[in-house]
Amino acid sequence: MAITSALDALDHALVHALQIDGRASFRTIADALDVSEHTVARRYRRLRAHGVLRVAGWLNGGRLGRTSWSVRLVCTPDAAGRVAEAIARRDDTSWVRLLSGGTEIACGVQAGDDQDGDALLLKKLPRTPRIVAMSAHATLHLFAGWRSRVAVLTDEQAERMRPALPDEEVALSAQDHALVRVLAQDGRAGIGELAAASGWSPTTVRRRLGELRAGDMLRFDVEISPQALGYHAEAWLWMKVEPSALVAVGEAMAAHPEADVVAATTGPTNLMAGVTCRDTPDLYRYLTERVAPLHGVRELETAPVIRTVKRVGALPR
């Protein structure tokens, strides 16, 4: 798709603005970027129509008492793609990637309050005949979590984009889940569409969205491929780190601009990271010059990302 390699400075600024507030009005974004509202709307619709970006809403599992798991699966070569796509269609998976020549899958699973994630981990995946190996790693601590590849706004512009949200405690209802199902497909869905899905009035929808966001129950992300931003080498790292050095290594990697996510986990490895680099030589330099010198790293396993099946939110219909 040619458009993905031709994002200009305004496109990058729009992406950054949406990453700060995915439901900000075009007028708010235009005021922050000092351009016309029409220009912002046209740029967004163009990028959305070409599949370059999508805003997706998702529930903060931590506020619901859910545990985040990173699951690694090894499949027979003929089945990995189909298994990854089936997993990606589930509501309890947050991300799914094909790794290592297309025979390995890594995915994020939320398990806890409704037991769906536990069913996936403990019952369905181990019984899938095409899966030949599986390991699951519970997230214990996030040193860095799913950071942006784009940070072009000034501090003043970014501050103008941040919504003022008071802290509130909220509990979810069936109508809330109906809202989230729509927002997982399109985080910028209109109030009318959300009202039709929930059965609430538009006024109630607006109020409820504010409450869910204020309680940090509902978050929004921008789904955009690294390739669209000029990055062509993604990899997942699983590391064995001396326990006494775990915090220092995790914090050091969290300061690396290449690291999108860095987490302490359970399992045979105790630190996991997702990294994005410009190209394969850049990834090599990162591993040998930035990660290798860190004191306390005993083992490092690298798995290149072959294809992202699910990045955030629900799969687009």
Side-chain angles (χ1 to χ4, degrees), residues 1-20 22 43-44 46-56 58 70 72 80-81 84-85 87-88 93-102 104-108 142-153 158 187 219-238 253-263 272-291 300-316:
M1 193 175 299
I3 190 174
T4 63
S5 60
L7 301 189
D8 62 16
L10 181 55
D11 292 326
H12 281 77
L14 173 58
V15 171
H16 191 187
L18 290 171
Q19 287 169 335
I20 295 171
R43 289 294 185 107
Y44 170 78
R46 170 176 171 264
L47 295 173
R48 181 76 170 88
H50 283 81
V52 177
L53 67 78
R54 179 175 69 111
V55 177
W58 53 280
S70 298
R72 298 182 67 183
E85 289 166 4
I87 293 172
T93 58
S94 50
W95 52 270
V96 181
R97 288 165 171 81
L98 277 173
L99 310 174
S100 305
E104 184 175 353
I105 301 168
C107 63
L142 270 177
F143 295 100
W146 305 110
R147 293 185 300 203
S148 169
R149 292 282 102 199
V150 181
V152 296
L153 300 188
R219 295 180 176 180
F220 294 90
D221 275 340
V222 176
E223 182 181 70
I224 183 169
S225 72
Q227 291 77 16
L229 302 172
Y231 296 87
H232 301 280
E234 295 180 83
W236 282 93
L237 313 180
W238 286 274
M253 291 190 65
H256 295 168
E258 297 87 350
D260 303 309
V261 59
V262 182
M272 177 193 76
V275 301
T276 304
C277 298
R278 289 289 180 184
D279 50 31
T280 301
D282 191 30
L283 175 60
Y284 172 76
R285 287 189 292 271
Y286 174 69
L287 295 175
T288 57
E289 298 175 11
R290 305 290 299 283
V291 179
L300 168 63
E301 181 184 355
T302 305
V305 175
I306 304 303
R307 179 165 67 95
T308 295
V309 182
K310 183 178 187 178
R311 192 174 298 278
V312 64
L315 288 181

query = Listed by chain and number, what are the side chain to side chain contact (heavy atoms under 4.5 Å, CB included) partners of Tyr231, not counting sequence neighbours?
reply = Arg149, Pro226, Leu229, Thr276, Arg278
query = Between CG of Leu14 and CD of Gln19, what distance do you get to the nearest 0.5 Å?
reply = 10.0 Å
task = Tell me, please, which residues at least two apart from Glu234 pass side-chain hydrogen bond (donor to acceptor under 3.5 Å, both in side chains).
result = none
ask   = Any idea which heavy atoms bring Ala228 and Val52 closest together, and the distance?
value = CB-CG1, 4.2 Å
key: Heavy-atom pair with the smallest gap, counting every atom of Cys107 and Val96   = CB-CG2, 3.9 Å
inquiry  = Please enumerate all residues that pass side chain to side chain contact (heavy atoms under 4.5 Å, CB included) together with Ala80, with sequence neighbours excluded.
reply    = Cys75, Leu98
request  = Under the ring pair (Phe, Tyr, Trp, His ring centres under 6.0 Å) rule, collect the residues that match up with Tyr44, sequence neighbours excluded.
outcome  = Phe26
remark   = One should read off an interatomic distance between Arg54 CZ and Leu47 CG, to the nearest 0.5 angstrom, of 14.5 Å
Results of ring pair (Phe, Tyr, Trp, His ring centres under 6.0 Å) for Trp95 - residues two or more places apart only = Trp146, Trp236
query = Ile306 and Ser100: which non-hydrogen atoms are nearest, and at how many Å?
reply = CG1-N, 3.8 Å
query = Is there side-chain contact between Arg311 and Arg97, with heavy atoms separated by less than 4.5 Å?
reply = yes
query = Quick one: salt bridge (Lys or Arg N to Asp or Glu O under 4.0 Å) partners of Arg48, sequence neighbours excluded?
reply = none
key: Closest non-hydrogen atom pair between Trp238 and Ala303, with its separation   = CZ3-CB, 3.8 Å
request  = Check Leu99 against Ala106 and note the closest heavy-atom contact, atom names and distance.
outcome  = CD1-CB, 3.6 Å
task = Identify, with sequence neighbours excluded, every residue that meets side chain to side chain contact (heavy atoms under 4.5 Å, CB included) alongside Thr302.
result = Ala235, Leu237, Leu287, Leu300
query = What heavy-atom pair brings Ile105 and Ala84 nearest, and what distance separates the two atoms?
reply = CD1-N, 3.6 Å
ask   = Sequence neighbours excluded, which residues qualify as side chain to side chain contact (heavy atoms under 4.5 Å, CB included) partners of Asp221?
value = Trp58, Val312
ask   = Looking at side-chain heavy atoms only, is the closest gap between Ile224 and Leu18 below 4.5 Å?
value = no
remark   = Rounding to 0.5 Å, atoms CZ (Arg46) and CG (Leu53) come to a distance of 10.5 Å
inquiry  = Could you check whether Glu85 pairs with Arg307 (Lys NZ or Arg NE/NH1/NH2 to Asp/Glu carboxylate O, under 4.0 Å)?
reply    = yes
Arg72: salt bridge (Lys or Arg N to Asp or Glu O under 4.0 Å) partners, not counting sequence neighbours = Glu104, Glu301
